[in-house]
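Written out below as structure tokens is the structure these notes cover.
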Amino acid sequence: MTRHGFIRTKEEIKFLILYAMGRLPFPVDLQCVVDLCTWCDGGFGFFELKEAFDEMLATGHIAQPEHDQYEITEKGREAAELFERNLPYSVREAAQQSALRVVQKLRRDAAITTKTEPLAQDDMLVTLSMEGVFSIQMNVVSQPQAALLERNFRANAEKIYQVLLRAVTEDYSNE
């Protein structure tokens, strides 16, 4: 398979990982790092990225402050600053955009919560909340129905908010 991109060597992948992680304000999981970096350049794949990532974890350029969470260390920041010009400008720009996209998604996901409470047999209360914006509670009759509500809300909270807002602000006096 032919890959197209600027980043091909392990050292270039390491520079990209450090550069991209240096743009994040908090620790993230490995999947976020993969998403962050592979979105920037198509010259490498997951296995090359994982190998470079593991080596930097071992050398102390990346730390694991919590289980399944990683962050760049001061040593990693210094290396990123020193070698940032080794990355093509277009890749650096893409890494900055990718970091912004990842941070926005993580903050959005953190602001959305769902909870299902069993009340009685065939009666559950589902709470769907978007922190600081709105919260709704609905009674449902089954776990699959509760799971569907939670899944749809997590994926479409903003759209659901807009629909509800239109519904409650519509003028129903002419009906």
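This is a predicted model, so every value here is computed, not measured.
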| Do E158 and R108 pass the side chain to side chain contact (heavy atoms under 4.5 Å, CB included) test, and can you show the C-alpha distance, the side-chain angles, and the key distance before you say yes or no? | CA-CA 10 Å; E158 296 85 355; R108 178 221 182 259; 2.8 Å; yes
Common cluster, [X]/[Y], ILVMFWY with side-chain heavy-atom separation under 4.5 Å:
| X | Y | answer |
| --- | --- | --- |
| I112 | I160 | yes |
| V141 | I136 | no |
| F47 | I7 | yes |
| L87 | L100 | no |

| field | Test: K10 and E12 ion pair at under 4.0 Å | value |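 No, K10 and E12 are not salt-bridged.
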So, do [X] and [Y] sit near enough that their side-chain heavy atoms are less than 4.5 Å apart?
| X | Y | result |
| --- | --- | --- |
| Q97 | W39 | yes |
| V163 | R166 | yes |
| T113 | S135 | no |
| M56 | L18 | yes |

Measuring from atom [atom1] of [X] to atom [atom2] of [Y], what distance do you get when rounded to the nearest 0.5 angstrom?
| X | Y | atom1 | atom2 | answer |
| --- | --- | --- | --- | --- |
| D54 | L57 | CG | CG | 6.5 Å |
| K115 | E117 | NZ | CD | 4.0 Å |
| K159 | L164 | NZ | CG | 14.5 Å |
| L16 | L49 | CG | CG | 7.5 Å |
| I17 | I62 | CD1 | CD1 | 5.5 Å |

For residues 121-128, tabulate all N or O donor-acceptor pairs below 3.5 Å that involve a side-chain atom, not counting sequence neighbours.
{"unit_1": "D123", "atom_1": "OD1", "unit_2": "N139", "atom_2": "ND2", "d": "3.1"}
{"unit_1": "T127", "atom_1": "OG1", "unit_2": "Q137", "atom_2": "NE2", "d": "3.2"}

| said: Whether the E150 and T116 side chains hold a donor-acceptor pair (N or O, under 3.5 Å, no angle test) is what I'd like checked. | reply: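 E150 vs T116: donor-acceptor pair found between side chains.
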| Under 3.5 Å donor-acceptor, E48 side chain and F44 backbone |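 Side chain of E48 to backbone of F44, a donor-acceptor pair under 3.5 Å: no, none is there.
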| Where the side chain of S98 meets the backbone of A94, is there a donor-acceptor pair that is under 3.5 Å apart? |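 The answer is no, because no donor-acceptor pair under 3.5 Å joins these two groups.
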| query | Where is the tightest heavy-atom contact between E131 and A110, given as atom of each residue plus distance? | reply |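 Looks like OE1-O, 4.3 Å.
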| query | Which is it for R151 and L148 under the side chain to side chain contact (heavy atoms under 4.5 Å, CB included) test, yes or no, and what are the steps along the way? | reply | CA-CA 5 Å; R151 188 173 51 253; L148 176 65; 3.4 Å; yes
| request: Could you go through the side chain to side chain contact (heavy atoms under 4.5 Å, CB included) check for F134 and S129 one step at a time? | output: CA-CA 6 Å; F134 79 111; S129 300; over 6 Å; no
| task | Please indicate whether Y89 has more than 12 foreign heavy atoms, meaning atoms of other residues, nucleotides or ligands, lying under 6.0 Å from its OH. | result |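 Open: at most 12 neighbouring heavy atoms sit under 6.0 Å from OH of Y89.
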| message | For the CD atom on Q96, are there more than 12 heavy atoms of other groups (residues, nucleotides or ligands in this structure) within a distance under 6.0 Å? | response |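 Yes, enclosed.
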Side-chain donor-acceptor pairs of residues 20-38 under 3.5 Å, sequence neighbours excluded:
{"unit_1": "R23", "atom_1": "NH1", "unit_2": "Y19", "atom_2": "O", "d": "3.4"}
{"unit_1": "R23", "atom_1": "NH2", "unit_2": "Y19", "atom_2": "OH", "d": "3.2"}
{"unit_1": "D29", "atom_1": "OD1", "unit_2": "Q31", "atom_2": "N", "d": "3.3"}
{"unit_1": "D29", "atom_1": "OD1", "unit_2": "C32", "atom_2": "N", "d": "2.8"}
{"unit_1": "D35", "atom_1": "OD2", "unit_2": "R101", "atom_2": "NH1", "d": "3.1"}
{"unit_1": "T38", "atom_1": "OG1", "unit_2": "V34", "atom_2": "O", "d": "2.6"}

| query | How would you list all residue pairs meeting side-chain hydrogen bond (donor to acceptor under 3.5 Å, both in side chains) that involve residues 63-86, not counting sequence neighbours? | reply |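 Every pair satisfying side-chain hydrogen bond (donor to acceptor under 3.5 Å, both in side chains) with a residue in residues 63-86: there are none.
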